[in-house]
Amino acid sequence: MKIHEYQSKEIFSNYSIPVTNEVLCYNVDEVKAAVHKLGLPVVIKAQVLTGGRGKAGGVKLAKTAEAAVEAANNILGMDIKGYTVEKILVAQGVKFNKEFYVGLTIDRNTKSVIFMGSKEGGVEIEEVAKDNPEAILKFPIDPDLGMTPFMARKIAFALFDDFQLVKQASDIFQKLYKIFLEKDASLVEINPLVVTDEGKVMALDGKMNFDDNALYRQSDIELLNEPTEDERKELAAKESGLTYIRLDGSIGCMVNGAGLAMATMDIIKYFGGNPANFLDIGGSSSPQKVIDAMTLLLSDKNVKVIMINIFGGITRCDDVARGLITALDEMKVDIPIVIRLSGTNAEEGLKIISERNLPTVNSLSEAAQEAIRLCKACN
Amino acid sequence: MKIHEYQSKEIFSNYSIPVTNEVLCYNVDEVKAAVHKLGLPVVIKAQVLTGGRGKAGGVKLAKTAEAAVEAANNILGMDIKGYTVEKILVAQGVKFNKEFYVGLTIDRNTKSVIFMGSKEGGVEIEEVAKDNPEAILKFPIDPDLGMTPFMARKIAFALFDDFQLVKQASDIFQKLYKIFLEKDASLVEINPLVVTDEGKVMALDGKMNFDDNALYRQSDIELLNEPTEDERKELAAKESGLTYIRLDGSIGCMVNGAGLAMATMDIIKYFGGNPANFLDIGGSSSPQKVIDAMTLLLSDKNVKVIMINIFGGITRCDDVARGLITALDEMKVDIPIVIRLSGTNAEEGLKIISERNLPTVNSLSEAAQEAIRLCKACN
Amino acid sequence: MSILVNKNTKLVVQGITGRDGSFHTGKMKAYGTNIVAGVSPGKGGQFVHEIPVFNTVEEAVKKTGANTSIIMVPAPLAADAILEAADAGIELVVCISEGVPTLDMIKANSYLKKKGTKLIGANCPGLITPEESLVGILPANIFKKGNVGLMSRSGTLTYLMVSLLTSNGLGQSTCVGIGGDPVAGLYYQDLLQMFEDDPETEAIVLIGEIGGDAEERAAQYIKEHITKPVVAFIAGQTAPPGKRMGHAGAIISSGSGTAEEKITAFEAVGVPVARRPVELPDLLKKQMKK
Amino acid sequence: MSILVNKNTKLVVQGITGRDGSFHTGKMKAYGTNIVAGVSPGKGGQFVHEIPVFNTVEEAVKKTGANTSIIMVPAPLAADAILEAADAGIELVVCISEGVPTLDMIKANSYLKKKGTKLIGANCPGLITPEESLVGILPANIFKKGNVGLMSRSGTLTYLMVSLLTSNGLGQSTCVGIGGDPVAGLYYQDLLQMFEDDPETEAIVLIGEIGGDAEERAAQYIKEHITKPVVAFIAGQTAPPGKRMGHAGAIISSGSGTAEEKITAFEAVGVPVARRPVELPDLLKKQMKK
């Protein structure tokens, strides 16, 4: 789960990490009030749950109140990678002489939280990572020790020359780790962390992602969730025990298991087709799940064919077949369905299916080819 | 540092560990009000910073208001092992059917906090430890894990049969460990932890000691300190860099280092004398320390002879000698002094001393024997 | 031989009285797994499928000599269950539970390392040594005893692969589902080395997924340490970037972790990668003949 | 040989710019200890007694190859300094600082165990291998090279003992002050084994104190593992119960940890105990002749 810059910085601020003075605004009137309150210059920043807003023109420096209003007018309502800008952050302009990148995330290799720091802040860190990987320093944090003072100092000495800055930075680093742990984050980033002309270390931006598996114990974070329409659909699916991701093809897929679902999409593409979605109905096999999955697939107008690929394990093929029959009874399905059942209770499942004269196929490749054929026939 | 039962239970209560309803009282009027508030029966308990109050008659059950007043009258002002009872705790009487002992302390062998639990609660646990050591179960707590739910449950299953009790107890155990860590305790005890007739697990008593070395970061705990007069003297000494413990003999000792100080006392006793104190002037050797130490020794009217035993290391013997001369110049010293200097700058020190015609001796045994002789001569 | 589980496996089921725990205990027992105990706090003294239930893992180990544990408890309790198993001296812990918070797993892994306990999972289907021991929720009927060691980050895709292997006459020594979480227990490298050291394993199948760099690291490890033939498959060759495909591990972003990079990494160290599952058995046979 | 410190010791002084740190650095250097670096955050680039100062231990280790550290920083910072040394790959850490909170030392010891780092202290005078290396605040002039290994929970009492040994012609292989805190690093058992394994050590002196059961455990260990002659002394034979005698460790309560019990424990395993310090050299000579 992601949250906005202004929310991340509110959390930083609650942990006494210095951030810019700033006001969240929904309209131009609020921007005027904010400029009045903060003084000039200000920076106007689009608040959207995606990256790349800078390139998209979603960040503007304004030296006059008029410029601030103009920038706000331009940015509000702007589309950034499919996200409409509904909120903007008006932040006090700060003079600084150096930009750093710091971030914490999970490192699967050391099985720890890893701290990343770079003197090359202020730019897209992914590009630094690609072009100049040594410029990003990495420090795995021992989970039994946490971010000790010495470790925070060691990192700070690697980034800063002046001891006054080292002291400020190491304090911030300890707090960032504390935030990461206490909020069950999966990513905490400050880019840029700056040294102001007054010699103060300060977060000019903030980014936080959270571990979805831990949201149950982070109710204050969960409240901040602002899913997009697609994400809402995915969330609703998740509540029914389904993992659903909408894509742009026309073959609706229903598969059990994430890996098999990906492999199914791969096969469809391999034979020249285009999957309309990733849909994993998961391990357990209640017929209701199949009904929910069918509803989800049929709600996408792009779907021309449905391809069902089940490898019975925990999932029992006869359960799937029964769910499918019920779904067909309850809802109007006027597009073709290709079914492949295999594994636990496949024979019983196939028998149930065949009683309805639904087409079944034996292999995954066959299923994909048949789905593509039917899809082309629809056009 | 020790605190009272009522203070320990206030801390328990702040961590949501169930304790009895109770009121701290300083006089009989307060006891009457407390009985009115709590209802009958009540238990009246002396609040003193020492053990053994039960045997001394400092704990009484009162079934009527009159009995409560009588008990309070008896207990207030009572002397328990040299401590005068100035406060009493009036606690709601609770019916219970089983008493347990639980405690946490430092285990130097496993280098961890160790949890101790026994089904034989309500009695002096030291006696259980002596007579029936297997009745005390011990669980070292991994410092990297802390008191995990499974560990608390494991301990609780070892003590309780009923799962409802296990759940309550394991919750309490986790909180006790949290208290131990967050308050830098050196001992946390509940004796007895009872199961009430209503099936509730509850702390009827509470005891906490704290790590003196950590008091600097436990200001709320430090505020609870109530040193006795002797302890105040010891504390004042500590502020001058001295470790002083008053004993009941007549040979005042001034030594550098705890081990050497103990060995010096041992030697005095070995030759039939009696040390008036343990006094360690510590490692560094400012003359002022020697002056402070002399002042402390002379403030004890029992002291008949002063025996100085310095093994110069960090401590320089000439510094000690100079401090001694200054002390003799500044204060009236009319009792004999035996001096033994050895180690770093011993020669210079002895030279300074000999200029004042003060007696010096060569070995520790000789010093002790001379001090005893002089002491006897004083009587 | 085989790896990790075999006829000497004495299994304790943590969460045996739960719906899933009870169901799969039945399945595992039916397969012949030597299940000696179950654990469910407060249910000690009961029996599930005639298996005695204890209140704590420690008690189960003391009374039954259990050396392996499978965990099927709700996700918020799973990490604590792992710690309990390690504390009790269990040698191998298999955690099926899905949705365990990552920070819990980091803490648990650190403790396991200290205790020398092995972990498979969390969020995994478990593992099987065909005809000896099933410790997991894999559909037993598709497996066949043989000499191919298999490891996979995915569940049902593994079943598909195994059924292809079996129908092509390629039996398995041990098949391990390592799980798809960001922080998992034993990983490709660990298992590659175990298969390398296992005399019963003649060839290795590695089934990977998009996301992370585990496959790239595995490729590097194979180059440096593995002499037996290895064949791979990568799911998610056509997944769009930045989308989370059901496994926490299966996310590709910023141009790293794509299937193409992983395939390149494997082929660069001489590990052929099947483009479709159905191609894998033949690729494997070819490698084994070399 | 000797134990723990010798001519190969490359010492880094943590807290070198402090009053005590600077003073004892001078003393140790004068004795001939190979001090390669100092550490003091923010003072990197300076020199103390011509020794280069670094901001972090890691940097000091990288630039100078330091393998041993002595810590002379204020107590609230001491545990973190220990962790920093261990993190930087230091093999032996000697913590002089007095007054370190016990829970800090518990945490630190757990990490050291994981890293395989050895610790002496905290709250100890350090150690010396005469004529080779002094890592501590012990008065160097009383020591003499020889074959007696000595360990002690006390400071000045040790000096008294050593001067008695030296004046009786009994030189020392290594003398170690293990410190008097409730949770310390290397303890009697660890050092007993090291002296047992050290060919240069012919006999061992153990100086104990009242409080705890460390001496009783040492006696048991001697019985089971030590073949070299051992002689002991226990301070606090006449200390009243329940009084804290300056060392956190030296507290006797509830009838355990008394000098009498400790003496009995040693004598029961054939370790003679001197009643007065002055008796010890002769006892030792007698044992060595056996």
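Each chain gets a letter, A, B and so on, in the order its sequence line appears, and its residues count up from 1.
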So do D:F266 and D:I222 actually touch side chain to side chain, heavy atoms under 4.5 Å? yes

Take a 6.0 Å sphere around NZ of B:K138 and say whether it holds more than 12 heavy atoms from other residues, nucleotides or ligands. no

With a cut-off of 6.0 Å (strictly less than), are more than 12 heavy atoms of other residues, nucleotides or ligands near CD of B:E347? no

Residues in ring pair (Phe, Tyr, Trp, His ring centres under 6.0 Å) contact with B:Y83, at least two apart in sequence or another chain: none

By side-chain contact (heavy atoms from CB on, under 4.5 Å), D:A274 pairs with (sequence neighbours left out) D:F233, D:E279, D:L280, D:L283

Cationic N near anionic O, under 4.0 Å, B:D184 to B:R217: yes

So which residues of residues 109-117 of chain D are in contact with chain B at a heavy-atom cut-off of under 4.5 Å? D:N109, D:S110

Largest heavy-atom contact set with chain B, pairs under 4.5 Å, which of D:L160, D:V100, D:L138, D:I137: D:L160

Could you tell me which portion of D:A184 (side chain, backbone, both or neither) has an atom closer than 4.5 angstrom to a non-hydrogen atom of chain B? backbone

Checked D:P101, D:P139, D:P277 vs chain B; the most non-hydrogen pairs under 4.5 Å come from D:P101

Is there a side-chain contact between B:F210 and B:L187, using heavy atoms and a 4.5 Å cut-off? no

Options B:K269, B:E124, B:K111, ranked by heavy-atom pairs under 4.5 Å with chain D, top entry: B:K111

Picking from D:D20, D:N141, D:I142, D:D104, which has the most non-hydrogen pairs under 4.5 angstrom with chain B? D:D104

Contact part of B:L364 toward chain D, heavy-atom cut-off under 4.5 Å: side chain, backbone, both or neither? side chain

Quick one: side-chain contact (heavy atoms from CB on, under 4.5 Å) partners of B:K2, sequence neighbours excluded? B:L49, B:N209

Let me know if B:V255 has heavy atoms under 4.5 Å from chain D in its side chain, its backbone, both or neither. neither

Would you mind checking if D:E209 and D:K262 are paired as a salt bridge, meaning a charged N to carboxylate O distance below 4.0 Å? no

Counting neighbours of CG on B:D131 that are heavy atoms of other residues, nucleotides or ligands and sit closer than 6.0 Å, is the number greater than 12? yes

Checking heavy atoms, do the side chain of D:P76, its backbone, both or neither come under 4.5 Å from chain B? both

Please flag which part of B:Y270 lies under 4.5 Å from any non-hydrogen atom of chain D: side chain, backbone, both or neither. side chain

Which is it for B:E127 and B:K55 under the salt bridge (charged side-chain N to carboxylate O under 4.0 Å, His left out) test, yes or no, and what are the steps along the way? CA-CA 14 Å; B:E127 286 175 18; B:K55 279 185 188 162; 3.5 Å; yes

Could you go through B:R246 and B:N277, starting from their C-alpha distance and side-chain angles, then the distance that decides it, and tell me whether this counts as side-chain hydrogen bond (donor to acceptor under 3.5 Å, both in side chains)? CA-CA 4 Å; B:R246 195 169 174 272; B:N277 61 275; over 6 Å; no

Cut-off 4.5 Å, heavy atoms of chain B, and the answer for D:I207 is neither

With a 4.5 angstrom heavy-atom cut-off, which part of B:F180 approaches chain D: side chain, backbone, both or neither? both

Which atoms of B:N109 come close to chain D, meaning under 4.5 Å heavy atom to heavy atom: side chain ones, backbone ones, both, or neither? side chain

